[in-house]
Amino acid sequence: MKTQSKDTRPEAEKFLIELLRQKMPSEKFRQILSLSQTVAQLSKRAIARQHPDLNKQQITLLFIKYHYGEDLAERVKKYLDKRSHEDA
């Protein structure tokens with residue numbers, strides 16, 4: 001088997017792959033979900049550092065714009081604006 005990582009010994013990589021194969025699909029999914037949440041949190045934290053004047057909602061909208069596109073960010077903004085007017 002050809003190693004996937006240049007800085008990992010083949011024996012170590014083989015062992016790690018075997019550990020992954022032994023995990024239940026639900027455990028793999030939990031790990032993926034946890035990693036995705038961590039990445040999103042780190043991205044939002046970086047946005048907040050770059051734009052300290054923004055509130056939490058503005059940071060979230062900028063996150064959506066950067067990761068999912070301006071169109072979706074604008075649609076979410078309109079939805080939130082509409083919802084806030086209905087609640088008032």
Side-chain angles (χ1 to χ4, degrees):
M1 175 177 95
K2 182 179 177 189
T3 59
Q4 301 298 309
S5 178
K6 294 178 182 178
D7 64 347
T8 304
R9 295 178 141 225
E11 308 83 37
E13 187 174 282
K14 187 175 181 180
F15 177 75
L16 291 172
I17 289 171
E18 187 54 38
L19 285 177
L20 285 172
R21 287 185 176 143
Q22 292 174 8
K23 288 187 181 274
M24 297 291 292
S26 59
E27 179 60 26
K28 290 178 191 178
F29 181 75
R30 273 194 295 275
Q31 285 183 314
I32 290 168
L33 182 59
S34 175
L35 180 59
S36 295
Q37 289 172 336
T38 299
V39 169
Q41 289 169 350
L42 291 171
S43 178
K44 287 179 183 180
R45 189 183 308 165
I47 292 168
R49 276 194 223 126
Q50 290 291 323
H51 305 277
D53 55 315
L54 298 182
N55 65 34
K56 191 173 182 177
Q57 181 175 314
Q58 292 168 321
I59 290 167
T60 298
L61 289 170
L62 204 49
F63 170 85
I64 293 169
K65 178 182 174 183
Y66 290 160
H67 293 278
Y68 301 104
E70 195 164 345
D71 180 59
L72 181 60
E74 189 58 37
R75 291 188 328 203
V76 170
K77 183 180 183 320
K78 286 179 184 178
Y79 169 79
L80 293 173
D81 289 346
K82 181 181 176 187
R83 196 174 85 183
S84 70
H85 285 76
E86 290 173 355
D87 292 341

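Numbers here are sequence positions counted from 1.
- Between the side chain of Gln58 and the backbone N or O of Asn55, at least one donor-acceptor pair lies under 3.5 Å.
- With values rounded to the nearest 0.5 angstrom, Glu13 atom CD is found 9.5 Å from Asp7 atom CG.
- Atom-to-atom distance recorded for Ile59:CD1 and Asp53:CG is 9.0 Å, nearest 0.5 angstrom.
- No more than 12 heavy atoms of other residues, nucleotides or ligands sit less than 6.0 Å from atom NZ of Lys65.
- The OG1 atom of Thr38 sits 5.5 Å away from atom CD of Gln41, with the distance rounded to the nearest 0.5 Å.
- The cluster map of Ile, Leu, Val, Met, Phe, Trp and Tyr, joined by side-chain heavy atoms under 4.5 Å apart, puts Tyr68 and Val39 in different clusters.
- Rounding to the nearest 0.5 Å gives a distance of 5.0 Å between CD of Gln31 and CD of Glu27.
- Atom CD of Glu18 sits in a crowded spot, with more than 12 heavy atoms from other residues, nucleotides or ligands closer than 6.0 Å.
- A salt bridge does not link Lys14 to Glu11: none of the charged side-chain nitrogens sits closer than 4.0 Å to a carboxylate oxygen.
- Going from atom CD of Gln37 over to atom CG of Leu42 covers 12.0 Å, rounded to the nearest 0.5 Å.
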Stepwise side chain to side chain contact (heavy atoms under 4.5 Å, CB included) test for His51 and Leu62: CA-CA 10 Å; His51 305 277; Leu62 204 49; 3.6 Å; yes
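- Under a hydrophobic clustering in which Ile, Leu, Val, Met, Phe, Trp and Tyr are joined whenever their side-chain heavy atoms come within less than 4.5 Å, directly or via other members, Tyr79 and Val76 fall into the same cluster.
- For Tyr66 against Ile47, the heavy-atom pair with the smallest separation is CD1-CD1, 3.7 Å.
- No donor-acceptor pair closer than 3.5 Å links the side chain of Ser34 to the backbone N or O of Arg30.
- A distance of 6.5 Å separates NE2 of His85 from CG of Asp81, quoted to the nearest 0.5 Å.
- The environment of Gln22 atom CD is dense: over 12 non-hydrogen atoms of other residues, nucleotides or ligands sit within 6.0 angstrom.
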Side chain to side chain contact (heavy atoms under 4.5 Å, CB included) assessment of Ser84 paired with Leu80: CA-CA 6 Å; Ser84 70; Leu80 293 173; over 6 Å; no
